[in-house]
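Only one structure is covered here, and it is reproduced in the block below.
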Amino acid sequence: MPTAKNTPAEDAFEYTTKAGVSITLPPLMPTFGQLRKIRKLSDFDQWATLVEWFVADEDILEKLDAIPAPEVQTLREEWFKHSNSPSLGE
């Protein structure tokens, strides 16, 4: 069962995958301009663009790349919720 937890001291988002891999992500705080630039992209492309903008660490990107697609949806929803970020949509 994947788990997600808040780390208020650092405001990072911690996620543990079903495979037991720990991933720490920065808070997702896009600006209006960033959201405006991706508004016409597909839902997947919006998500991938935000990941590339906010996650600079190659090791974390490799961990994210290894997560099965259905679980990525859970991670995404939890990361958005943690960051109080607006949900994306077409």
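Both backbone and side-chain heavy atoms feed into the values below; hydrogens, waters and symmetry mates do not. One is the number of the first residue; the rest follow in order along the sequence.
- Between I23 atom CD1 and T17 atom OG1 the span is 6.0 Å, to the nearest 0.5 Å.
- Here CG of D57 is found 9.0 Å from CD of E62. Values are rounded to the nearest 0.5 Å.
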**Audit row: V51, L61, side-chain contact (heavy atoms from CB on, under 4.5 Å) steps and yes/no** = CA-CA 8 Å; V51 166; L61 289 172; 3.6 Å; yes
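- Atom-to-atom distance recorded for H82:NE2 and E77:CD is 15.5 Å, nearest 0.5 angstrom.
- In this structure, W79 and F54 have perpendicular ring planes: the angle between them is above 60°, well past the 30° mark.
- Smallest separation of non-hydrogen atoms from V21 and K63: CG1-CD, 3.8 Å.
- Checked by atom type and distance alone, the side chain of E71 pairs as donor or acceptor with a backbone atom of K18 at under 3.5 Å.
- Taking both residues in full, the closest heavy atoms of T24 and E14 are given as OG1-CG, 3.8 Å, listed atom of the first, atom of the second, then distance.
- Side-chain atoms of L25 and V55, non-hydrogen and from C-beta on, do get closer than 4.5 Å to each other.
- Nearest heavy-atom pair across D45 and L41 is CB-CB, 3.8 Å.
- Heavy-atom minimum distance, L75 versus W47: CD2-CH2, 3.6 Å.
- There is no path of hydrophobic side-chain contacts, each under 4.5 Å, that joins L35 to M29.
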**Request:** Check the pair D43, R76 against side-chain contact (heavy atoms from CB on, under 4.5 Å), reporting the backbone distance first and the verdict last.
**Result:** CA-CA 11 Å; D43 190 48; R76 184 183 103 156; 3.0 Å; yes
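- Proximity of a side-chain donor or acceptor of Q34 to a complementary backbone N or O of T31 within less than 3.5 Å is detected.
- The heavy-atom pair separating Q46 from R39 by the smallest distance is NE2-O, 3.3 Å.
- A pairwise comparison of heavy atoms in S83 and L28 identifies OG-N, 2.7 Å as the closest pair.
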